[in-house]
Structures are given as C-alpha cells and as structure tokens.
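In what follows, a structure is listed as structure tokens, so that the remarks can point back to it.
Just so it is clear: chains get the letters A, B, ... in the order the sequence lines come, proteins before strands, and each one is counted from 1. For clarity, every value in this text was computed on a predicted model and none was experimentally measured.
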Number of protein chains: 2
Amino acid sequence: MSEMVERVQQVLRRSGMRLTPQRRIILEVLEESEVHLDAEALYLSAKARDPNISLATVYRTLAALREIGVVQQRHLSQDEQRGYYEIDDQKHYHFTCLRCGKVIEFSTPLIAQIQQEFADEMGVQVTRARLYLEGCCAACLERAEKET
Amino acid sequence: MSEMVERVQQVLRRSGMRLTPQRRIILEVLEESEVHLDAEALYLSAKARDPNISLATVYRTLAALREIGVVQQRHLSQDEQRGYYEIDDQKHYHFTCLRCGKVIEFSTPLIAQIQQEFADEMGVQVTRARLYLEGCCAACLERAEKET
DNA sequence: TTTCGTGCAAATGGTTTGCAGACGC
DNA sequence: GCGTCTGCAAACCATTTGCACGAAA
C-alpha cells in the first residue's frame with residue numbers, strides 16, 4: 001500500500017469512515033494518473049480494475065475524499081462546468097490552453113505572499129487558494145503563427 | 001443609457017449581434033448588483049423589470065456576453081458547481097467565506113507578476129487569470145471564538 | 001426579407017439520492 | 001449485529017436546445 005493511501009486510511013478512520021477496495025482503487029487511479037481526470041474518466045479507469053464499480057461510488061468517494069481534504073475539485077477552464085479531480089498536494093496551480101486543452105502545472109511563492117497580505121489586511125483566515133491561468137500554449141502559438 | 005451599456009452595444013454590433021431590451025435589462029441588473037448573481041437570481045431580477053423575460057434568454061445572453069468578453073463566469077467556491085456572473089472588469093479577485101458565504105473582492109499587482117513570470121518561463125500567452133481564496137471571514141472567526 | 005433573438009417546453013448531462021443488499025469492524 | 005458502503009436505477013438541477021413566432025436592420 002502506498003504511503004499516501006496509508007495516510008488516507010488514517011484520516012478516514014478518524015472520521016469513522018472505511019478504506020474499502022473501491023476507495024483504494026479510486027485513490028490509486030488518482031495517484032497514478034498523469035492528467036487531470038473528470039468523474040467519468042476516473043470511473044472508466046477504476047472499472048478497468050474492478051468491473052463492478054459504479055459511477056455513484058466514484059462520486060461518493062470523491063465527495064468523501066474532498067470532505068477530509070484529500071482531494072480537490074478543479075474548474076480548469078472558465079467555460080467548463082465539469083469538475084476535474086486530483087490529490088490535494090496544496091501548493092500548485094494550473095495553466096490551461098484554451099485551444100488544445102493542455103494543462104500545465106506550476107507553482108510560485110507569490111501566492112503565499114498574496115494570501116498572507118490579504119489575511120493580514122482583512123483579518124480573515126485563508127485556508128485555500130486556487131489560481132487558474134488561461135491562454136495559449138507554446139505549441140498552439142507556433143501553429144497559429146504558421147497559419148498566417 | 002449607461003456608458004458601459006453603450007460600450008457593449010458597440011462590441012455586440014461588431015459581432016453582428018443586437019442589443020435587445022432583454023439584453024439591456026440583463027446588463028443593467030449585472031451592473032447595478034452589489035452581490036454576485038447566479039443565473040436564477042439574475043433571472044428573477046430581470047423578471048421584475050420585464051415579466052415576460054425567460055430563463056433561456058438569460059442563459060443565452062450570458063453566453064453571448066461571455067463570448068465577447070463582457071461577462072465572466074465564476075466558481076466562487078470549490079464545492080459549488082453553479083456559476084456566478086459579473087461584468088468583467090478584469091483585475092480583481094475573490095475571497096469566499098466558507099462559513100457564511102460572504103464574498104470579498106480584492107486586487108493585487110502580484111498576479112500580473114505571476115502571469116508575466118510564467119509566460120516568460122514557458123513561452124506561453126496568458127490571457128486570463130482567476131484567483132480564488134477561501135477561508136473564514138473576520139466576523140465568522142469572531143463568532144467561532146465566542147462559542148468556545 | 002433576411003437575420004437574429006425570444007419564449008416555451010423538452011432534452012441534456014453531470015451529479016446526487018433512495019433503497020435493499022453486502023461488507024467491515 | 002450495527003453502522004458504513006455499494007450497485008442499481010431513478011431523481012435532481014443547472015444549463016442547453018429545437019422550434020415557431022416576433023422584431024430589428
């Protein structure tokens with residue numbers, strides 16, 4: 001069992017929840033995936049390991065994992081209402097190419113600074129920051145250039 | 001006619017679209033609203049001025065306005081899939097209190113810096129940045145304090 | 001008089017839920 | 001055994017769409 005899955009088991013336990021085979025599969029798929037998965041994609045990958053798993057279980061597991069802070073839901077583009085899911089390793093952010101859909105992850109210390117400054121100024125507590133950049137990736141820029 | 005509405009009319013024209021009474025009402029509601037509206041709330045406010053207006057028209061208008069860059073759709077909390085809409089005045093961001101739902105708008109020059117640095121580093125073009133902070137507002141922090 | 005926009009109602013699609021059985025502690 | 005979890009199917013709800021009519025250039 002991966003270190004991450006083990007950690008999640010602890011957290012689940014503390015909330016009176018269980019690490020079932022289905023939940024383990026979903027965690028593994030999330031952990032191994034290179035790309036950002038929506039519920040349907042996650043369901044299909046999970047189904048490959050356990051043909052009996054149901055989409056409802058995927059959603060319920062995602063809800064449970066979000067509740068305990070293990071998984072984050074993303075809205076990668078402003079024009080999409082579907083959710084994408086990933087293990088919450090906190091401090092990384094996303095750039096989405098509006099042309100080809102490619103997603104690039106990045107990080108920056110400036111977000112922590114913004115968070116800090118805003119919290120100090122307003123007397124609030126900031127527990128999460130989401131930053132999404134959108135635009136056109138290098139490959140698409142190049143392709144657009146050629147077409148001109 | 002407000003300056004903003006007039007400006008929008010130009011942009012609509014350029015795309016072969018019209019500024020109908022319904023669209024004007026929706027723009028006015030968006031412009032005058034203090035809070036962030038979802039489609040349903042926008043529909044109700046618009047209906048107060050024109051009882052015949054339909055929810056479908058609200059959605060179609062929002063889609064049109066987003067297409068020409070006049071309106072932005074927001075996902076104010078990670079746990080909500082419903083969209084909230086506002087006139088796109090670009091450089092301001094949102095803090096949402098997860099306890100009471102209060103939304104605070106703010107701005108910071110650091111986002112422009114992040115955008116710039118990322119674009120330079122990766123050779124991409126960044127056309128939009130969305131930043132959402134979530135946490136607990138001052139009032140809710142205080143209330144929580146008292147309850148302890 | 002052609003094009004674009006609207007209202008209505010029905011369809012869509014992602015997500016949630018009720019229920020009865022299965023499983024883990 | 002008790003309480004949690006699952007699969008299935010039905011329900012939900014925000015959003016979209018087809019269609020026939022209405023309005024604007």
Please enumerate all protein N or O atoms sitting under 3.5 Å from an N or O of nucleotides 3-5 of chain D, with distances to 0.1 Å.
residue: D/dG3; atom: N2; partner: A/Arg18; partner atom: NH1; Å: 2.8
residue: D/dT4; atom: O4'; partner: A/Arg18; partner atom: NH2; Å: 3.4
residue: D/dC5; atom: OP1; partner: A/Arg18; partner atom: N; Å: 2.9
residue: D/dC5; atom: OP1; partner: A/Arg23; partner atom: NH1; Å: 2.7

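- There is no side-chain donor-acceptor pair under 3.5 Å between A/Ser77 and A/Glu134.
- When the C1' atom of D/dA14 is taken as reference, atom CZ of B/Arg60 falls 15 Å away, rounded to whole Å.
- Looking only at atom types and distance, the side chain of B/Gln73 has a donor-acceptor partner in the side chain of B/Arg66 under 3.5 Å away.
- DNA chain D is contacted by B/Ala39, B/Leu55 of residues 32-55 of chain B, taking any non-hydrogen atom closer than 4.0 Å.
- Contacts of A/Glu34 classified as salt bridge (Lys or Arg N to Asp or Glu O under 4.0 Å), with partners at least two apart in sequence or in another chain: none.
- Between A/Tyr59 and the phosphate of C/dT16, there is no side-chain N or O to OP1/OP2 separation shorter than 4.0 Å.
- DNA chain D lies under 4.0 Å from at least one heavy atom of each of the following residues of residues 68-86 of chain B: B/Arg82, B/Gly83, B/Tyr85.
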Residues 109-116 of chain B, side-chain donor-acceptor partners within the protein, below 3.5 Å, at least two apart:
residue: B/Gln113; atom: NE2; partner: B/Glu117; partner atom: OE2; Å: 3.2
residue: B/Gln116; atom: NE2; partner: B/Asp120; partner atom: OD1; Å: 3.4
residue: B/Gln116; atom: NE2; partner: B/Asp120; partner atom: OD2; Å: 3.4

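- Look at CG on B/Leu62: it is 13 Å from C1' on D/dT16, rounded to the nearest Å.
- Pairs passing the ring-ring contact (aromatic ring centres under 6.0 Å, His included) check and including a residue from residues 102-148 of chain A, sequence neighbours excluded, read A/Phe106-B/Phe118, A/Phe118-B/Phe95, A/Phe118-B/Phe106.
- Using modelled atom types and a 3.5 Å distance limit, the side chains of A/His36 and A/Glu105 yield a donor-acceptor pair.
- Just one of A/Glu6, A/Arg13, A/Arg24 meets the side chain to side chain contact (heavy atoms under 4.5 Å, CB included) condition when paired with A/Leu19; it is A/Arg24.
- Side-chain polar atoms of A/His75 and B/Glu80 form no donor-acceptor pair below 3.5 angstrom.
- Checked for salt-bridge contact, B/Glu32 and B/Arg49 meet the test: a charged N lies under 4.0 Å from a carboxylate O.
- Between B/Glu28 and B/Ser2, the closest side-chain pair of non-hydrogen atoms is not below 4.5 Å.
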